[in-house]
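Report on the structure given below.
Protein chains get the first letters and strands the later ones, always in sequence-line order, with residue 1 at the start of each.
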Number of protein chains: 2
Amino acid sequence: MHTLSASLEDYAEAIWILGLRGRVVRVKDIGEFLSVKSPSVVGALKVLVAKGLITHERYGYIELSQEGEVLAWEVYRKHKTLAKFFNEILGIDLATAARDACAIEHCVSDSTVKRIAMFIRFAETVPDEQAPWLAAFHDYVRESVESNQEGAGDDLCEAVTSEAAIMLDMIPAGREANVVRVAGRKDIKRRLLDMGIIPGVKVRMERVAPAGDPVDVVVKGHHLSLRKAEAGAVMVEENG
Amino acid sequence: MHTLSASLEDYAEAIWILGLRGRVVRVKDIGEFLSVKSPSVVGALKVLVAKGLITHERYGYIELSQEGEVLAWEVYRKHKTLAKFFNEILGIDLATAARDACAIEHCVSDSTVKRIAMFIRFAETVPDEQAPWLAAFHDYVRESVESNQEGAGDDLCEAVTSEAAIMLDMIPAGREANVVRVAGRKDIKRRLLDMGIIPGVKVRMERVAPAGDPVDVVVKGHHLSLRKAEAGAVMVEENG
DNA sequence: TATAAATGTTAGGCGTGCCTAATATATCCG
DNA sequence: CGGATATATTAGGCACGCCTAACATTTATA
Ligand SMILES: [Mn+2]
Ligand SMILES: [Mn+2]
Ligand SMILES: [Mn+2]
Ligand SMILES: [Mn+2]
């Protein structure tokens, strides 16, 4: 079995797709299809010939071998599955769906593509009483897109995956939190770490001065007074 | 704004993730994290320094600049969003989800990731009456995995995206179909195309000899007699 | 058939990203 | 302090995948 680079997979896939036209496939066709120049195509074809995936007679046209057909078809199948999922399930426009699919097809695992195919099948075959969820999702998308005045809700990915981490200077007095990350300038970071403010430890906000500067916190029984800039460099997650 | 290669994005992301430990980030850490040797790390760091995304003093440790922090965080955010979708929605095991996410994060578009985040949020917030669909999907997966005796149903991707194309020699007499693709050996392909069997045309199966060889078909009013090997090279899609 | 146009190939170069081997610096510890 | 050890850097090389320029071959056309 051969393992092809992303680039070579694209060449094989291109030959497959161009073959669908029912015309002979030539160097120029591939170059245009993939937006590369002819010498690049010729170089790639040499490799594919050496691997036994295509036949190519000098100055002639190109054909996939039996092994090459299988390989190209597997790439193309991934492409179609991903594109269909993006377009029909997620509601992404066709051009973006195709572009993303053709990039992802080379690095996604077989098992994940298969699971996505299962998802598509499920969405298509789930009984009607349970089915409105997909329509509901598309409504949800439409409403979000309409209400989002360009930029608002830009951090949806973060909201969706975060453990709701915020900076230590935002914690009100009396509350506890766990340190997630210590950022900030080198000197500040060093000082904070030296004081025992390291990821995983629990901190309790003891007192906050009027302007939020300084703040008193308790770490492992020790009282510490932090400047606002220091507290602002500590990412914490409120527990509870 | 900088556009980084997949490799450089991984270096930036690695620095971010290693920063989460709360310890200083060093060349060795990055090398181990990304499974590359130190000289590779040093080379990459030089590029990131030149782009103003990190600071790195000789023989010292490494820090993301403000711009670098934004960039790394965006990569990491994609990673987390994709991994969460794969694991929690599709039910893929954590290791595979993480591996695929860290490959895809570099080539998927922002808009697609955002739409995936919307899907996650939707799945988490959709009212309970509409909600059983996700649980139903997970049941569907479990049943499929259990019933699939290793290999059966391997073509789910194909089933899900295909237009149900089959070979011409499988069409019963009297039925019509559309040509989707002409494959096969060069000489066979050439002959078929010359006879007018090209993608898009309608063919009607006229008569099938006892062993399926030869078959008579009608293409654009012309009667043709095809050997089984020839008919087997024509991919068609039954219409209706 | 002769010439022009289109297409394909070769040669050579460049950027990226990885490696190994050798060397330089920092850190640890007796 | 001084050597042993850990870590970082440089130098040099290789595979890949793209490019341009120059040249070869095929195909179209007069
Ligand atoms: Mn592709
Ligand atoms: Mn593709
Ligand atoms: Mn990655
Ligand atoms: Mn990642």
Nearest-nucleotide pick for Val36(B), side chain only, options being dT7(C), dT9(D), dC19(C): dC19(C)
Atom CG of Asp29(A) to atom C1' of dG8(C): distance rounded to whole Å? 12 Å
Rounded distance (Å) that lies between atom C1' of dG8(C) and atom CG of Leu45(A): 11 Å
Mapping Tyr11(A) and His56(B) to their closest nucleotides on DNA chain D, which lands nearer the 5' end? His56(B)
For the side chain of Leu8(B), counting heavy atoms from C-beta on, which of dC18(C), dG17(C), dA11(D) is nearest? dG17(C)
Please confirm whether the shortest side-chain N or O distance from Ser38(B) to OP1 or OP2 of dT9(D) is below 4.0 Å. no
Whole Å only: how far is the CD1 atom of Ile62(A) from the P atom of dT9(C)? 7 Å
Qualifying salt bridge (Lys or Arg N to Asp or Glu O under 4.0 Å) pairs with a residue from residues 13-28 of chain A, counting only residues at least two apart or across chains: Arg21(A)-Asp29(A), Lys28(A)-Glu32(A)
Students often mix this up, so state it plainly: with edges at 30° and 60°, are the rings of Phe119(B) and Phe85(B) parallel, tilted or perpendicular? perpendicular
Protein-nucleotide distance (Lys28(A), atom NZ; dT26(D), atom C1'), rounded to Å: 14 Å
Rounded interatomic separation in angstrom, taking OH from Tyr61(A) and P from dT9(C): 14 Å
Cut-off 3.5 Å, side chains only: do Ser7(A) and Asp10(A) have a donor facing an acceptor? no
Separation of dT7(C) P from Arg58(A) CZ (nearest whole Å): 18 Å
Which nucleotide in the list dT9(D), dC19(C), dT9(C) gets nearest to the side chain of Lys37(B)? dC19(C)
Would you kindly give the CD-to-C1' distance between Glu57(A) and dT25(D), to the nearest whole Å? 14 Å
Within the structure, does a side-chain N or O atom of Ser7(B) lie under 4.0 Å from either OP1 or OP2 of dT16(C)? no
Which nucleotide, dG8(C), dT7(D), dC19(C), lies nearest any side-chain atom of Arg26(B)? dT7(D)
So does Lys228(B) pair up with Glu230(B), basic N to acidic O under 4.0 Å? no
Out of dG17(C), dT10(C), dC18(D), whichever nucleotide has its closest atom nearest the side chain of Ser40(A): dC18(D)
Any side-chain N or O of Ser5(A) under 4.0 Å from OP1/OP2 of dG17(D)? yes
Lys46(B) NZ to dT16(C) C1', straight-line distance once rounded to whole Å: 15 Å
Any idea which of dA21(C), dT25(C), dT7(D) is nearest the Tyr59(B) side chain? dT25(C)
To the nearest 0.5 Å, atom OG1 of Thr55(A) lies from atom CG of Leu48(A) at 11.0 Å
